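Below: the structure, in C-alpha coordinates.
Fair warning: this is a prediction, and the values are worked out from it, not measured in the lab.
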Amino acid sequence: MRLRVIFFILLFFIGSMSNGQDKPFIIDSLESIYDDISPVLSADENTLYFTKKNHPENAGGEKDKGDIWYSKKVNGEWTKAQRLRGPVNNLNFNAVIGITPDDFIMYVVGNYKSPRKGGISYSRKIGDNWSEPQPIDIPYYKNKSEHLSGSLSKDGKIMVLSLESFSSRGNEDIYYTFRKSIDEWTELRNLGVDINTEAQELTPYLAADNKTLFFSSNGRGGKGSRDIFYSKRLDATWTTWSEVTNLENINSEGADWYFNLINDGENALMVNTVNSVGLGNIMQTVTPEEVEIEPEVEKSMTASSQSVLALNNSSSKEKQPLREKIQVQFEVVDGFTGNALKPQMLIKGVNEMSKSSYSEIVMGKNSSYKTKLFKDSIYTVDISVEGYIDDLKTIKTDTISNNDKIRLELLSLEEGTTIQLKSVLFRRGTAEILDGSFEELDRVYTMLKKNPTIEIELSGHTDNTGSAKLNIELSQERSDRIKEYLVEKGVDSKRLESKGYGGARPIASNKSEATRKLNRRVEFTIIKI
(Lines give C-alpha, C1' and ligand atoms only; values in the text may rest on other atoms or scores of the structure.)
Protein backbone atom coordinates (compact mmCIF):
# COMPACT_ATOMS: atom_id res chain seq x y z
CA MET A 1 0.00 0.00 0.00
CA ARG A 2 2.82 2.40 0.95
CA LEU A 3 4.61 1.65 -2.37
CA ARG A 4 1.41 2.38 -4.32
CA VAL A 5 0.97 5.74 -2.54
CA ILE A 6 4.61 6.65 -3.23
CA PHE A 7 4.15 5.63 -6.88
CA PHE A 8 1.11 7.94 -7.34
CA ILE A 9 2.90 10.78 -5.53
CA LEU A 10 5.83 10.39 -7.96
CA LEU A 11 3.46 10.37 -10.94
CA PHE A 12 1.80 13.54 -9.70
CA PHE A 13 5.15 15.20 -9.10
CA ILE A 14 6.45 14.27 -12.55
CA GLY A 15 3.22 15.49 -14.17
CA SER A 16 3.46 18.77 -12.31
CA MET A 17 7.07 19.19 -13.44
CA SER A 18 6.06 18.51 -17.05
CA ASN A 19 3.23 21.03 -16.95
CA GLY A 20 5.50 23.56 -15.31
CA GLN A 21 7.92 23.41 -18.21
CA ASP A 22 5.20 24.85 -20.47
CA LYS A 23 4.58 27.80 -18.16
CA PRO A 24 6.27 31.16 -18.82
CA PHE A 25 9.62 31.62 -17.10
CA ILE A 26 11.79 34.66 -16.55
CA ILE A 27 14.92 34.89 -18.71
CA ASP A 28 17.51 34.90 -15.93
CA SER A 29 20.00 37.30 -17.52
CA LEU A 30 17.25 39.88 -18.10
CA GLU A 31 15.61 39.74 -14.67
CA SER A 32 15.66 43.16 -13.03
CA ILE A 33 14.01 45.34 -10.40
CA TYR A 34 12.73 47.70 -13.11
CA ASP A 35 9.66 47.70 -15.30
CA ASP A 36 10.74 45.86 -18.49
CA ILE A 37 8.24 45.80 -21.37
CA SER A 38 7.89 45.72 -25.18
CA PRO A 39 10.35 42.97 -26.20
CA VAL A 40 11.10 42.90 -29.94
CA LEU A 41 13.58 40.60 -31.68
CA SER A 42 15.76 41.56 -34.62
CA ALA A 43 14.98 39.69 -37.84
CA ASP A 44 17.89 37.28 -37.28
CA GLU A 45 16.68 36.81 -33.65
CA ASN A 46 20.17 37.48 -32.27
CA THR A 47 19.34 40.84 -30.67
CA LEU A 48 16.49 41.47 -28.26
CA TYR A 49 15.32 45.06 -27.85
CA PHE A 50 13.02 46.09 -25.01
CA THR A 51 12.01 49.12 -22.97
CA LYS A 52 13.27 49.64 -19.43
CA LYS A 53 11.38 52.25 -17.42
CA ASN A 54 12.76 54.55 -14.68
CA HIS A 55 16.32 53.24 -14.82
CA PRO A 56 18.96 55.71 -13.53
CA GLU A 57 20.99 55.24 -16.75
CA ASN A 58 18.05 56.29 -18.95
CA ALA A 59 18.21 59.62 -20.77
CA GLY A 60 16.00 61.21 -18.12
CA GLY A 61 17.33 59.21 -15.18
CA GLU A 62 14.97 57.58 -12.71
CA LYS A 63 12.07 59.79 -13.85
CA ASP A 64 12.47 58.66 -17.46
CA LYS A 65 9.32 57.02 -18.88
CA GLY A 66 11.34 54.43 -20.77
CA ASP A 67 14.48 53.93 -22.86
CA ILE A 68 15.30 51.15 -25.33
CA TRP A 69 17.76 48.55 -24.06
CA TYR A 70 19.12 45.47 -25.80
CA SER A 71 20.64 42.03 -25.19
CA LYS A 72 22.68 39.85 -27.56
CA LYS A 73 22.38 36.10 -27.95
CA VAL A 74 25.79 34.49 -27.41
CA ASN A 75 26.13 30.70 -27.47
CA GLY A 76 22.39 30.38 -27.06
CA GLU A 77 22.21 32.62 -23.98
CA TRP A 78 21.11 36.24 -23.65
CA THR A 79 23.78 38.66 -22.40
CA LYS A 80 23.27 41.24 -19.68
CA ALA A 81 21.14 44.11 -21.01
CA GLN A 82 22.72 47.38 -22.15
CA ARG A 83 21.12 50.71 -22.93
CA LEU A 84 20.98 51.52 -26.63
CA ARG A 85 23.24 54.49 -27.32
CA GLY A 86 22.46 57.29 -29.74
CA PRO A 87 19.50 59.51 -30.66
CA VAL A 88 16.89 56.71 -30.56
CA ASN A 89 16.61 57.29 -26.81
CA ASN A 90 15.49 60.71 -25.57
CA LEU A 91 13.57 62.16 -22.63
CA ASN A 92 10.25 60.79 -23.90
CA PHE A 93 8.93 57.22 -23.80
CA ASN A 94 10.97 55.10 -26.25
CA ALA A 95 10.00 51.64 -27.49
CA VAL A 96 10.50 49.51 -30.59
CA ILE A 97 7.47 48.66 -32.75
CA GLY A 98 9.36 46.37 -35.13
CA ILE A 99 12.37 45.85 -37.38
CA THR A 100 12.29 45.17 -41.14
CA PRO A 101 13.36 41.75 -42.51
CA ASP A 102 16.79 43.08 -43.51
CA ASP A 103 17.42 44.34 -39.95
CA PHE A 104 18.19 47.86 -41.20
CA ILE A 105 15.01 49.86 -40.47
CA MET A 106 13.61 50.14 -36.94
CA TYR A 107 10.15 51.58 -36.30
CA VAL A 108 9.82 53.22 -32.88
CA VAL A 109 7.13 54.87 -30.78
CA GLY A 110 6.94 58.65 -30.96
CA ASN A 111 7.46 61.64 -33.21
CA TYR A 112 11.00 62.78 -32.47
CA LYS A 113 10.62 66.00 -34.50
CA SER A 114 7.28 67.05 -32.97
CA PRO A 115 6.69 65.02 -29.78
CA ARG A 116 3.29 66.59 -29.12
CA LYS A 117 1.95 65.28 -32.43
CA GLY A 118 2.82 61.73 -31.43
CA GLY A 119 3.01 58.89 -33.92
CA ILE A 120 5.72 56.57 -35.15
CA SER A 121 9.21 57.20 -36.48
CA TYR A 122 11.81 55.13 -38.27
CA SER A 123 15.54 54.86 -37.70
CA ARG A 124 18.10 53.54 -40.17
CA LYS A 125 20.93 51.27 -39.00
CA ILE A 126 24.38 52.74 -39.63
CA GLY A 127 27.14 50.36 -38.60
CA ASP A 128 26.41 49.34 -35.01
CA ASN A 129 24.31 52.44 -34.33
CA TRP A 130 20.88 53.76 -35.28
CA SER A 131 20.23 57.13 -36.92
CA GLU A 132 18.05 59.89 -35.52
CA PRO A 133 14.43 58.72 -36.00
CA GLN A 134 12.37 60.45 -38.68
CA PRO A 135 8.54 60.59 -38.51
CA ILE A 136 6.46 58.43 -40.83
CA ASP A 137 3.31 59.73 -42.46
CA ILE A 138 0.05 58.02 -41.47
CA PRO A 139 -2.80 60.15 -42.86
CA TYR A 140 -5.21 61.51 -40.23
CA TYR A 141 -3.18 59.98 -37.40
CA LYS A 142 -4.60 60.84 -33.99
CA ASN A 143 -4.11 59.18 -30.61
CA LYS A 144 -6.23 60.34 -27.67
CA SER A 145 -4.47 57.93 -25.30
CA GLU A 146 -1.01 58.06 -23.75
CA HIS A 147 -0.60 54.41 -24.75
CA LEU A 148 0.77 53.33 -28.13
CA SER A 149 1.95 49.79 -28.79
CA GLY A 150 2.04 47.44 -31.74
CA SER A 151 4.13 45.30 -34.03
CA LEU A 152 5.49 45.12 -37.56
CA SER A 153 4.61 42.07 -39.64
CA LYS A 154 7.35 39.58 -40.51
CA ASP A 155 7.47 40.84 -44.12
CA GLY A 156 7.68 44.46 -42.97
CA LYS A 157 4.53 45.54 -44.86
CA ILE A 158 1.85 45.76 -42.16
CA MET A 159 1.68 47.37 -38.74
CA VAL A 160 -0.96 46.56 -36.14
CA LEU A 161 -1.27 49.27 -33.51
CA SER A 162 -3.10 49.83 -30.24
CA LEU A 163 -4.29 53.39 -29.62
CA GLU A 164 -7.44 55.44 -29.07
CA SER A 165 -8.35 57.09 -32.35
CA PHE A 166 -11.28 57.78 -34.66
CA SER A 167 -13.91 55.04 -34.43
CA SER A 168 -12.50 53.53 -31.22
CA ARG A 169 -15.23 51.56 -29.41
CA GLY A 170 -14.04 52.42 -25.92
CA ASN A 171 -10.51 53.00 -24.84
CA GLU A 172 -7.59 51.64 -26.87
CA ASP A 173 -8.58 49.65 -29.98
CA ILE A 174 -6.41 47.74 -32.45
CA TYR A 175 -5.89 49.24 -35.91
CA TYR A 176 -3.85 48.25 -38.94
CA THR A 177 -1.95 50.16 -41.61
CA PHE A 178 -0.16 49.08 -44.81
CA ARG A 179 3.25 50.27 -45.93
CA LYS A 180 3.48 52.41 -49.09
CA SER A 181 7.16 53.22 -48.56
CA ILE A 182 9.52 53.33 -45.60
CA ASP A 183 8.06 56.60 -44.34
CA GLU A 184 4.58 56.52 -45.89
CA TRP A 185 1.75 54.30 -44.65
CA THR A 186 -1.98 54.06 -45.31
CA GLU A 187 -4.69 55.47 -43.07
CA LEU A 188 -5.38 53.60 -39.85
CA ARG A 189 -8.31 51.19 -40.07
CA ASN A 190 -10.10 49.60 -37.14
CA LEU A 191 -10.09 45.78 -36.88
CA GLY A 192 -13.76 45.87 -35.90
CA VAL A 193 -16.01 44.48 -33.18
CA ASP A 194 -14.81 40.89 -33.49
CA ILE A 195 -11.53 42.01 -31.86
CA ASN A 196 -12.16 45.32 -30.11
CA THR A 197 -14.30 45.74 -26.97
CA GLU A 198 -15.37 48.77 -24.97
CA ALA A 199 -12.34 48.22 -22.72
CA GLN A 200 -8.65 48.08 -23.70
CA GLU A 201 -7.06 45.98 -26.46
CA LEU A 202 -3.30 46.36 -26.18
CA THR A 203 0.07 45.15 -27.53
CA PRO A 204 -1.10 43.48 -30.78
CA TYR A 205 1.22 41.06 -32.58
CA LEU A 206 0.61 39.71 -36.10
CA ALA A 207 2.13 36.29 -36.84
CA ALA A 208 4.13 35.55 -40.00
CA ASP A 209 1.04 34.30 -41.87
CA ASN A 210 -0.44 37.83 -41.61
CA LYS A 211 -3.65 36.20 -40.36
CA THR A 212 -3.10 35.15 -36.74
CA LEU A 213 -3.36 38.01 -34.24
CA PHE A 214 -2.30 37.96 -30.60
CA PHE A 215 -3.24 40.77 -28.22
CA SER A 216 -3.89 41.61 -24.58
CA SER A 217 -7.28 42.71 -23.28
CA ASN A 218 -9.02 43.59 -20.04
CA GLY A 219 -12.47 43.50 -21.67
CA ARG A 220 -12.98 39.74 -21.99
CA GLY A 221 -12.53 38.41 -18.47
CA GLY A 222 -9.76 35.97 -17.66
CA LYS A 223 -7.29 35.15 -14.90
CA GLY A 224 -5.84 38.59 -14.18
CA SER A 225 -6.01 42.28 -14.95
CA ARG A 226 -5.06 41.62 -18.59
CA ASP A 227 -4.94 38.31 -20.42
CA ILE A 228 -3.46 37.33 -23.77
CA PHE A 229 -5.89 36.23 -26.50
CA TYR A 230 -5.62 35.23 -30.13
CA SER A 231 -7.84 35.14 -33.22
CA LYS A 232 -7.57 34.41 -36.95
CA ARG A 233 -8.61 36.72 -39.76
CA LEU A 234 -11.25 34.96 -41.89
CA ASP A 235 -11.39 37.09 -45.03
CA ALA A 236 -9.86 40.00 -46.90
CA THR A 237 -11.83 42.75 -45.15
CA TRP A 238 -9.65 42.72 -42.01
CA THR A 239 -12.82 43.09 -39.93
CA THR A 240 -13.99 39.45 -39.82
CA TRP A 241 -12.19 37.29 -37.26
CA SER A 242 -12.61 33.89 -35.64
CA GLU A 243 -13.86 33.53 -32.09
CA VAL A 244 -11.32 35.11 -29.74
CA THR A 245 -9.52 32.49 -27.62
CA ASN A 246 -7.94 32.99 -24.20
CA LEU A 247 -4.46 31.45 -23.97
CA GLU A 248 -5.25 30.20 -20.47
CA ASN A 249 -2.13 28.07 -20.05
CA ILE A 250 0.22 31.06 -20.17
CA ASN A 251 -1.92 33.73 -18.52
CA SER A 252 -1.51 34.57 -14.85
CA GLU A 253 -3.33 36.45 -12.11
CA GLY A 254 -1.23 39.50 -13.02
CA ALA A 255 -1.11 41.52 -16.24
CA ASP A 256 -0.03 39.47 -19.28
CA TRP A 257 0.83 41.29 -22.51
CA TYR A 258 3.44 41.91 -25.27
CA PHE A 259 3.15 38.35 -26.63
CA ASN A 260 5.22 37.61 -29.76
CA LEU A 261 6.47 34.42 -31.39
CA ILE A 262 10.12 33.35 -31.71
CA ASN A 263 12.02 30.28 -32.95
CA ASP A 264 9.71 29.81 -35.97
CA GLY A 265 6.70 29.92 -33.69
CA GLU A 266 7.76 27.15 -31.31
CA ASN A 267 8.26 29.60 -28.44
CA ALA A 268 7.15 33.06 -27.53
CA LEU A 269 8.21 36.10 -25.54
CA MET A 270 5.76 37.96 -23.34
CA VAL A 271 5.61 40.26 -20.33
CA ASN A 272 3.78 39.70 -17.07
CA THR A 273 3.73 41.28 -13.63
CA VAL A 274 2.95 38.30 -11.41
CA ASN A 275 6.47 38.05 -9.96
CA SER A 276 6.96 41.73 -9.23
CA VAL A 277 5.24 44.65 -7.57
CA GLY A 278 3.28 45.74 -10.63
CA LEU A 279 6.42 45.79 -12.76
CA GLY A 280 6.96 43.87 -15.97
CA ASN A 281 9.27 40.90 -16.40
CA ILE A 282 10.29 39.58 -19.81
CA MET A 283 9.27 35.93 -19.99
CA GLN A 284 9.72 33.05 -22.42
CA THR A 285 7.16 30.31 -22.93
CA VAL A 286 6.31 27.38 -25.16
CA THR A 287 3.67 28.39 -27.72
CA PRO A 288 0.36 26.81 -26.66
CA GLU A 289 -0.63 23.74 -28.69
CA GLU A 290 -3.94 25.23 -29.79
CA VAL A 291 -2.17 27.97 -31.75
CA GLU A 292 -1.74 27.09 -35.43
CA ILE A 293 0.16 29.40 -37.76
CA GLU A 294 -0.24 29.05 -41.52
CA PRO A 295 3.03 27.93 -43.20
CA GLU A 296 2.86 30.71 -45.82
CA VAL A 297 1.27 34.11 -46.24
CA GLU A 298 -2.20 33.63 -47.68
CA LYS A 299 -2.77 33.89 -51.44
CA SER A 300 -4.97 36.97 -51.37
CA MET A 301 -5.09 39.80 -48.87
CA THR A 302 -7.02 42.96 -49.63
CA ALA A 303 -7.41 45.89 -47.29
CA SER A 304 -10.82 47.34 -46.63
CA SER A 305 -11.28 50.66 -48.36
CA GLN A 306 -13.17 52.04 -45.37
CA SER A 307 -11.44 55.03 -43.78
CA VAL A 308 -11.22 55.50 -40.01
CA LEU A 309 -12.79 58.94 -40.52
CA ALA A 310 -16.52 58.67 -39.99
CA LEU A 311 -18.85 60.43 -42.44
CA ASN A 312 -20.68 63.38 -40.91
CA ASN A 313 -24.09 62.23 -42.09
CA SER A 314 -25.77 59.66 -44.25
CA SER A 315 -26.21 62.05 -47.16
CA SER A 316 -22.42 62.38 -47.47
CA LYS A 317 -22.25 58.76 -48.54
CA GLU A 318 -24.82 59.39 -51.27
CA LYS A 319 -22.71 62.20 -52.69
CA GLN A 320 -19.76 59.90 -53.28
CA PRO A 321 -19.56 58.90 -56.96
CA LEU A 322 -19.73 55.20 -57.74
CA ARG A 323 -16.22 54.10 -58.66
CA GLU A 324 -15.89 51.72 -61.57
CA LYS A 325 -13.95 48.48 -61.22
CA ILE A 326 -12.43 46.38 -63.99
CA GLN A 327 -11.25 42.79 -63.97
CA VAL A 328 -7.69 42.14 -65.09
CA GLN A 329 -5.40 39.14 -65.27
CA PHE A 330 -1.67 39.37 -64.76
CA GLU A 331 0.73 37.32 -66.83
CA VAL A 332 4.35 37.24 -65.70
CA VAL A 333 6.97 35.86 -68.10
CA ASP A 334 10.71 35.49 -68.55
CA GLY A 335 11.84 38.60 -70.41
CA PHE A 336 14.17 36.63 -72.69
CA THR A 337 12.34 33.35 -73.35
CA GLY A 338 8.70 34.38 -72.83
CA ASN A 339 8.10 31.36 -70.59
CA ALA A 340 5.36 31.82 -67.98
CA LEU A 341 6.43 32.36 -64.36
CA LYS A 342 4.57 31.81 -61.09
CA PRO A 343 5.59 34.65 -58.81
CA GLN A 344 4.35 36.09 -55.56
CA MET A 345 2.87 39.50 -56.33
CA LEU A 346 2.07 42.39 -54.03
CA ILE A 347 -0.34 44.87 -55.64
CA LYS A 348 -0.83 48.23 -53.94
CA GLY A 349 -3.48 50.66 -55.13
CA VAL A 350 -3.44 54.45 -54.93
CA ASN A 351 -6.47 56.58 -55.71
CA GLU A 352 -5.22 58.89 -58.45
CA MET A 353 -7.61 61.67 -57.44
CA SER A 354 -6.85 61.81 -53.71
CA LYS A 355 -3.36 60.26 -53.86
CA SER A 356 -4.23 58.04 -50.89
CA SER A 357 -3.62 54.32 -50.73
CA TYR A 358 -6.74 52.28 -50.16
CA SER A 359 -5.98 48.64 -50.92
CA GLU A 360 -3.31 46.01 -50.95
CA ILE A 361 -3.52 42.57 -52.55
CA VAL A 362 -1.13 39.65 -52.20
CA MET A 363 -1.22 36.88 -54.82
CA GLY A 364 0.59 33.61 -54.24
CA LYS A 365 2.23 31.36 -56.80
CA ASN A 366 -0.84 29.10 -56.95
CA SER A 367 -3.38 31.84 -57.62
CA SER A 368 -5.12 32.64 -60.90
CA TYR A 369 -3.59 36.15 -60.97
CA LYS A 370 -7.06 37.57 -61.63
CA THR A 371 -8.37 40.48 -59.61
CA LYS A 372 -10.54 43.59 -59.81
CA LEU A 373 -8.95 47.03 -59.79
CA PHE A 374 -10.43 50.51 -59.55
CA LYS A 375 -10.52 52.29 -62.90
CA ASP A 376 -9.30 55.68 -61.61
CA SER A 377 -6.14 54.54 -59.87
CA ILE A 378 -2.46 53.84 -60.02
CA TYR A 379 -1.20 50.44 -58.89
CA THR A 380 2.30 49.29 -58.08
CA VAL A 381 3.01 45.60 -58.59
CA ASP A 382 5.86 44.15 -56.54
CA ILE A 383 6.98 40.84 -58.09
CA SER A 384 9.27 38.19 -56.64
CA VAL A 385 10.35 34.93 -58.30
CA GLU A 386 13.30 32.76 -57.27
CA GLY A 387 16.08 33.00 -59.85
CA TYR A 388 14.86 36.38 -61.15
CA ILE A 389 15.45 39.97 -60.21
CA ASP A 390 12.62 41.31 -58.04
CA ASP A 391 10.82 44.07 -59.88
CA LEU A 392 8.39 46.90 -59.20
CA LYS A 393 5.97 47.82 -61.99
CA THR A 394 3.53 50.74 -62.14
CA ILE A 395 0.11 50.42 -63.81
CA LYS A 396 -2.39 53.19 -64.56
CA THR A 397 -5.81 51.64 -64.84
CA ASP A 398 -7.21 54.45 -66.98
CA THR A 399 -5.14 53.01 -69.83
CA ILE A 400 -6.57 49.46 -69.65
CA SER A 401 -10.00 47.91 -70.23
CA ASN A 402 -12.13 45.29 -68.52
CA ASN A 403 -10.81 41.71 -68.91
CA ASP A 404 -7.43 42.93 -70.22
CA LYS A 405 -4.40 40.73 -69.70
CA ILE A 406 -1.40 42.61 -68.31
CA ARG A 407 1.92 41.11 -69.37
CA LEU A 408 4.90 41.72 -67.09
CA GLU A 409 8.45 40.63 -67.92
CA LEU A 410 11.17 39.70 -65.43
CA LEU A 411 14.89 39.45 -66.05
CA SER A 412 16.66 36.30 -64.92
CA LEU A 413 19.73 36.34 -62.70
CA GLU A 414 22.28 35.69 -65.43
CA GLU A 415 25.70 37.08 -66.18
CA GLY A 416 25.41 40.17 -68.37
CA THR A 417 21.92 41.17 -67.20
CA THR A 418 21.77 44.96 -66.69
CA ILE A 419 19.13 46.71 -64.60
CA GLN A 420 18.55 50.44 -64.53
CA LEU A 421 17.84 51.86 -61.07
CA LYS A 422 15.21 54.38 -62.14
CA SER A 423 14.27 55.55 -58.65
CA VAL A 424 17.84 56.15 -57.43
CA LEU A 425 18.37 59.91 -57.57
CA PHE A 426 21.09 62.29 -56.42
CA ARG A 427 21.14 65.92 -55.42
CA ARG A 428 22.00 67.93 -58.51
CA GLY A 429 25.73 68.01 -59.24
CA THR A 430 26.62 65.89 -56.19
CA ALA A 431 26.90 62.26 -55.05
CA GLU A 432 24.36 62.81 -52.23
CA ILE A 433 21.62 60.17 -52.47
CA LEU A 434 18.11 61.60 -52.14
CA ASP A 435 15.79 60.01 -49.56
CA GLY A 436 13.38 58.49 -52.08
CA SER A 437 16.18 56.34 -53.49
CA PHE A 438 16.74 54.01 -50.58
CA GLU A 439 13.79 51.71 -51.22
CA GLU A 440 15.18 50.67 -54.62
CA LEU A 441 18.72 50.39 -53.25
CA ASP A 442 17.35 48.16 -50.51
CA ARG A 443 15.86 45.94 -53.22
CA VAL A 444 19.36 45.55 -54.69
CA TYR A 445 20.64 44.67 -51.22
CA THR A 446 17.87 42.09 -50.77
CA MET A 447 18.72 40.50 -54.13
CA LEU A 448 22.39 40.24 -53.13
CA LYS A 449 21.47 38.82 -49.72
CA LYS A 450 19.21 36.18 -51.30
CA ASN A 451 21.90 35.29 -53.86
CA PRO A 452 25.23 35.29 -51.96
CA THR A 453 27.39 34.24 -54.92
CA ILE A 454 26.34 37.03 -57.27
CA GLU A 455 28.79 39.84 -58.04
CA ILE A 456 27.74 43.06 -59.74
CA GLU A 457 29.16 46.20 -61.32
CA LEU A 458 27.54 49.46 -60.31
CA SER A 459 27.81 52.00 -63.10
CA GLY A 460 27.10 55.73 -63.19
CA HIS A 461 26.26 57.55 -66.43
CA THR A 462 25.69 61.16 -67.48
CA ASP A 463 24.73 62.98 -70.67
CA ASN A 464 27.43 64.61 -72.81
CA THR A 465 26.94 68.21 -71.70
CA GLY A 466 29.69 69.98 -69.79
CA SER A 467 33.20 68.76 -69.10
CA ALA A 468 33.76 65.11 -70.00
CA LYS A 469 36.34 64.81 -67.21
CA LEU A 470 33.97 66.23 -64.58
CA ASN A 471 31.17 63.99 -65.83
CA ILE A 472 33.35 60.90 -65.36
CA GLU A 473 34.39 62.05 -61.89
CA LEU A 474 30.78 62.71 -60.84
CA SER A 475 29.49 59.40 -62.21
CA GLN A 476 32.34 57.58 -60.43
CA GLU A 477 31.53 59.31 -57.13
CA ARG A 478 27.89 58.33 -57.47
CA SER A 479 28.57 54.67 -58.20
CA ASP A 480 31.10 54.65 -55.33
CA ARG A 481 28.46 56.09 -53.00
CA ILE A 482 25.99 53.35 -53.90
CA LYS A 483 28.68 50.73 -53.30
CA GLU A 484 29.42 52.33 -49.93
CA TYR A 485 25.73 52.16 -48.97
CA LEU A 486 25.48 48.45 -49.84
CA VAL A 487 28.69 47.68 -47.93
CA GLU A 488 27.30 49.53 -44.89
CA LYS A 489 24.29 47.22 -45.02
CA GLY A 490 26.54 44.15 -44.95
CA VAL A 491 27.40 43.26 -48.56
CA ASP A 492 31.01 42.10 -49.00
CA SER A 493 32.85 44.81 -50.93
CA LYS A 494 34.56 42.10 -53.00
CA ARG A 495 31.17 41.39 -54.62
CA LEU A 496 30.82 44.99 -55.84
CA GLU A 497 32.65 46.92 -58.52
CA SER A 498 31.89 50.58 -59.20
CA LYS A 499 32.60 52.45 -62.39
CA GLY A 500 31.83 55.93 -63.67
CA TYR A 501 31.42 56.13 -67.43
CA GLY A 502 30.41 59.77 -67.75
CA GLY A 503 28.68 60.25 -71.10
CA ALA A 504 30.53 57.46 -72.91
CA ARG A 505 27.60 54.99 -72.98
CA PRO A 506 24.41 56.83 -74.01
CA ILE A 507 21.17 54.89 -74.44
CA ALA A 508 19.40 57.78 -76.21
CA SER A 509 20.21 60.84 -78.29
CA ASN A 510 21.85 63.83 -76.60
CA LYS A 511 20.24 66.30 -79.01
CA SER A 512 17.35 67.31 -76.74
CA GLU A 513 16.72 67.52 -73.00
CA ALA A 514 13.86 65.02 -73.30
CA THR A 515 16.29 62.31 -74.45
CA ARG A 516 19.40 63.54 -72.60
CA LYS A 517 17.74 62.82 -69.25
CA LEU A 518 17.51 59.15 -70.23
CA ASN A 519 21.30 59.04 -70.35
CA ARG A 520 21.62 60.33 -66.77
CA ARG A 521 21.18 57.03 -64.98
CA VAL A 522 22.58 54.47 -62.54
CA GLU A 523 22.67 50.77 -63.40
CA PHE A 524 24.00 47.49 -62.14
CA THR A 525 25.20 44.58 -64.25
CA ILE A 526 25.58 41.00 -63.06
CA ILE A 527 29.20 40.03 -63.74
CA LYS A 528 29.30 36.72 -61.86
CA ILE A 529 26.68 34.22 -60.70
Discussion item. Test side chain to side chain donor-acceptor pair (under 3.5 Å) on Tyr388 and Asp334; report intermediate values, then the result.
Written reply: CA-CA 9 Å; Tyr388 288 79; Asp334 185 302; 2.6 Å; yes
Discussion item. For Ser242 and Tyr230: C-alpha separation, side-chain torsions, deciding distance, then whether side chain to side chain donor-acceptor pair (under 3.5 Å) applies.
Written reply: CA-CA 9 Å; Ser242 68; Tyr230 90 103; over 6 Å; no
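The number of heavy-atom neighbours closer than 6.0 Å to CD of Glu146, taken from other residues, nucleotides and ligands shown, is 12 or below. No more than 12 heavy-atom neighbours from other residues, nucleotides or ligands sit within 6.0 angstrom of NZ on Lys65. Counting heavy atoms of neighbouring residues, nucleotides and ligands inside a 6.0 Å radius, atom CD of Glu290 exceeds 12 of them. Other residues, nucleotides and ligands contribute more than 12 heavy atoms inside 6.0 Å of the NZ atom of Lys73. Environment of CD in Gln329: crowded, with over 12 heavy atoms of neighbouring residues, nucleotides or ligands closer than 6.0 Å. Crowding of Glu292 atom CD: a count of heavy atoms from other residues, nucleotides or ligands under 6.0 Å not exceeding 12. Residue Lys450 qualifies as enclosed at atom NZ: its count of foreign heavy atoms under 6.0 Å is above 12. Counting non-hydrogen atoms of neighbouring residues, nucleotides and ligands closer than 6.0 angstrom, the CD atom of Gln327 exceeds 12 such neighbours.
Counting heavy atoms from C-beta on, the side chains of Leu261 and Thr212 never come closer than 4.5 Å. Looking only at side-chain heavy atoms (C-beta outward), Tyr445 and Phe104 come within less than 4.5 Å of each other. Side-chain contact check for Thr51 versus Val109: every heavy-atom pair is 4.5 Å or farther apart. You'll find the side chain of Phe330 reaches within 4.5 Å of the side chain of Ile395, heavy atoms only.
Without hydrogens or angle criteria, Asn251 side chain to Ile228 main chain gives a donor-acceptor distance under 3.5 Å. Ser71 places no side-chain N or O within donor-acceptor distance of the main-chain N or O of Leu48, the cut-off being under 3.5 Å. A donor-acceptor pair under 3.5 Å links the side-chain atoms of Ser216 to the main chain of Asp256, judged by distance alone. No side-chain donor-acceptor contact under 3.5 Å links Thr240 to the backbone of Leu234.
No hydrogens or angles considered: nothing links the side chains of Trp69 and Asn89 as a donor-acceptor pair under 3.5 Å.
Checked for salt-bridge contact, Asp137 and Lys180 miss the test: no charged N lies under 4.0 Å from a carboxylate O. Ion pair Lys489/Asp102 flagged as a salt bridge, since at least one NZ, NE, NH1 or NH2 atom sits closer than 4.0 Å to an Asp/Glu carboxylate oxygen.
Note that Arg481 lies outside the cation-pi zone of Phe426, set by a 6.0 Å cut-off to the ring centre and a 45° limit from the axis.
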